[in-house]
Amino acid sequence: MDNRTYAQLLAETADLLEIDSGDAFRIRSYRRAAEAIDSCTIQLSEIASDPKRLQEIPGIGKGMAANIRDMEQTGTLPLREELLKKYRPSMLQLMRLPGMGPKTVAFLWEAIQVASIDDLEAAIAAEKLDDLPRFGKKQIEKLRKGIEEYKKNSGRFLIDDAEEAAEKLMAYLRALPGLDVIEPAGSLRRGRETVGDLDILVTGPACAADKVDAAVEYTVKYPPAIDLLAKGQNKVSFRLRSGLQVDVRLLPEDSYGAALQYFTGSKMHNVTLRQRALKKGYTLSEYSLARIDDGSVVASRTEQDIYGALGIDWIAPELRENNGEIEAAEAHTLPRLVELKDIRGDVHMHTTKTDGRNTIEEMAEAAIARGYEYMAITDHSKNLAMTFGLNDEEALAHAARIRQAEAELGGRIRIFAGIEVDILSDGALDLADETLAQMDVVIASVHSLFNMTEDEMTARMLRAIENPYVKILGHPTGRLLLRREGYRLNLPAVVRRAAELGVAVEHNAYPDRLDLCDRDLRMAKEMGCKVIINTDSHHTSHLEKMRYGVEQLRRAWLEKADVLNTLPAMEFLSALRKPA
DNA sequence: GCCGTTTTCGGCCCGACTGTTTTCAGTCG
């Protein structure tokens, strides 16, 4: 069982307990444990029978350790089974609807045996809700719309889509005089791969108490907003046509820092921070950090003020996940995170020779425009026939062509000749070693699944990286495949072996194929594995996407020295694995 | 259920908005 499954089971149990109106603090413990496990870099299944080691994870105590052991042995836990006798699993889905919390789910079950979204839809159609207490016209309409939305697009939005929507809205808001500072908060600011909804924070003279009404009215009139969800004194919520929900908060200038801190989250980071505040005799809210005894404000204007008053260093938003960043900030040992400008080259690109959209020269110009010192052209090999993948002869000819293009550019950028070879079902590669030996950069990637089990997939990758010419393991988790086809892999085993062999693992920065999540990247770092970030570009515009991947690196606490393509060109080449 | 310069019990984060409530519970972030 992998960590995600443990976390899911515990989170489900927490939801069920909530429906059962269990002890709120017990529920929180299950939630905390689920989050701790989800972000844990050790594989729990390896230590599931060792309560001592389990309890070293913050949020895991005696009871949770027993739960984990039960889950490992039986695939579930007794409490969850017991609750599932009383309730239905489909109720968990019901809680995803806006306005539906545990109390309402429990009530509807008691009153009219509604257990799923389909049940609810039918009940609304049959007007069964109309006579129930607390279900007015508006409430019912909200649920009806919620069901519609849920069916249309349940899920989160990729970060680049969310950011594009944010940029447009921010440009609109900027046009109103007196709105000076406009920033996204929430998971967008934290650089999450996906964003559930958009939080935009606004301040300036137009947000002063006597003027804010006009600014709220202006915000409400944002043309792409199709569905006004809430409108308060300083908050406007609406939905965009894409289904993305947006919250705009208009804040007084003197509490902006507190609000930015608060709405950036994450939730667990904030909870921990507020506990810390209490111990110091303060209370922290979205308005200020204030003394408990007399209510006087200690800090509120900037985030730096607030973290400073709590006795800790300012923490980069990407780190705010309650993964030890607060302790590190207190000890002044926060990492100096890698930055976009540290990246000196992108070494995974395709051209018109296979399935890319641009020529070698066009890719080179785009890379130069981004300020890169080097790049690698790594077109597909023959097994990807649908992309016109190259056979040995063609690959060598293409490499010669790449080197010629480099010469013609007169030293404006270094262009490495490379290839992205395909890993076959048995783990062999589809080009000859003699061909690979001629390449500066060899990326080995999985592109097809053959209905493999987890063990088979792992064996396949392990064999591929034994090939002495493979320098980079391309998209190691194949998360694009994973989402489509339920691909599974023992990633820790592969990364461990890659570290031993000196093979680098690649993290793709392109938003719809971010390969490694922050937890995977942190594991790679802890195992001493080299990491490379690329965009897997099939178009010059893809090169722009590097920033989203860098945010994942930052979320994983990676520093410049942890990422291979922050090195100058020649050092980068010599840092790649050498054939024995 | 977790946790401990209030340590084996008694705490456990904070406030706004909504709808239908005539004083507040439930939901949300």
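Order of the sequence lines fixes the chain letters, A, B, ..., with proteins taken first and strands second; residue numbering starts at 1 for each chain.
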Protein-nucleotide distance (A:L228, atom CG; B:dT18, atom C1'), rounded to Å: 13 Å
Minimum-distance nucleotide (side-chain atoms of A:S29 versus B:dC2, B:dT18, B:dG29): B:dC2
Phosphate-side-chain proximity, A:K138 and B:dG19, N/O vs OP1/OP2 below 4.0 Å: yes
Sugar-phosphate, base or nothing in reach of A:N270, heavy atoms under 4.0 Å: nothing
Sugar-phosphate, base or nothing in reach of A:I27, heavy atoms under 4.0 Å: nothing
Touch class at under 4.0 angstrom, heavy-atom based, for A:T283 against every strand present: sugar-phosphate
Closest to the A:P102 side chain, choosing from B:dC17, B:dT20, B:dT27: B:dT27
Minimum-distance nucleotide (side-chain atoms of A:Q275 versus B:dC12, B:dG1, B:dG29): B:dC12
Touch class at under 4.0 angstrom, heavy-atom based, for A:P58 against every strand present: sugar-phosphate
Minimum-distance nucleotide (side-chain atoms of A:P98 versus B:dC12, B:dC28, B:dC14): B:dC28
Nucleotide nearest A:K235 (side chain, heavy atoms from C-beta), chosen from B:dC12, B:dC17, B:dC14: B:dC17
Sugar-phosphate only, base, or nothing, as touched by A:K279 at under 4.0 Å among non-hydrogen atoms: nothing
Proximity to the side chain of A:Q233 - top-ranked nucleotide from B:dC17, B:dG26, B:dG29: B:dC17
Nearest-neighbour nucleotide for the A:A230 side chain, B:dG19, B:dC17, B:dC12 considered: B:dC17
Any side-chain donor near an acceptor of the partner, A:D313 and A:Y307, under 3.5 Å: no
List the atom pairs, donor and acceptor, that lie under 3.5 Å between side-chain atoms in residues 199-213 of chain A and the rest of the protein, sequence neighbours left out.
| from | atom 1 | to | atom 2 | distance (Å) |
| --- | --- | --- | --- | --- |
| A:T203 | OG1 | A:L251 | O | 2.5 |
| A:T203 | OG1 | A:E253 | N | 3.3 |

Side chain of A:K103 - closest among B:dG1, B:dC14, B:dT27: B:dT27
Sugar-phosphate only, base, or nothing, as touched by A:L284 at under 4.0 Å among non-hydrogen atoms: sugar-phosphate
Nearest to side-chain heavy atoms of A:Q139, which nucleotide of B:dT20, B:dG29, B:dC14: B:dT20
Sugar-phosphate, base or nothing in reach of A:K62, heavy atoms under 4.0 Å: sugar-phosphate
Short N-O contact, A:K137 and A:E141, less than 4.0 angstrom: no
Short side-chain N/O contact to B:dC17 OP1/OP2 from A:S237, under 4.0 Å: no
Atom-pair distance (CG on A:D15; P on B:dC28), nearest Å: 12 Å
Any side-chain heavy-atom pair of A:I57 and A:L44 under 4.5 Å: yes
Most 5' of A:F263 and A:G63 on DNA chain B, judged by nearest nucleotide: A:G63
Any A:Y287 side-chain nitrogen or oxygen under 4.0 Å from OP1 or OP2 of B:dA16: yes
Sugar-phosphate only, base, or nothing, as touched by A:L97 at under 4.0 Å among non-hydrogen atoms: sugar-phosphate
Sugar-phosphate only, base, or nothing, as touched by A:D23 at under 4.0 Å among non-hydrogen atoms: base
Euclidean distance, atom CD of residue A:E35 to atom C1' of B:dC2 [Å, nearest integer]: 15 Å
Sugar-phosphate only, base, or nothing, as touched by A:T104 at under 4.0 Å among non-hydrogen atoms: sugar-phosphate
Polar side chain donor-acceptor pair, A:Y548 to A:E193, under 3.5 angstrom: no
Base-pairing assignment for B:dT8 (Watson-Crick or G-U wobble, both under 3.5 Å): none
Aromatic plane relationship, A:Y222 with A:F238 - under 30° parallel, 30 to 60° tilted, over 60° perpendicular: tilted
Nearest-nucleotide comparison on DNA chain B, the residue closer to the 5′ end among A:V271 and A:R96: A:V271
Any side-chain donor near an acceptor of the partner, A:D118 and A:S116, under 3.5 Å: no
Closest listed nucleotide, where the reference is the side chain of A:R28 and the choices are B:dT27, B:dG1, B:dC12: B:dC12
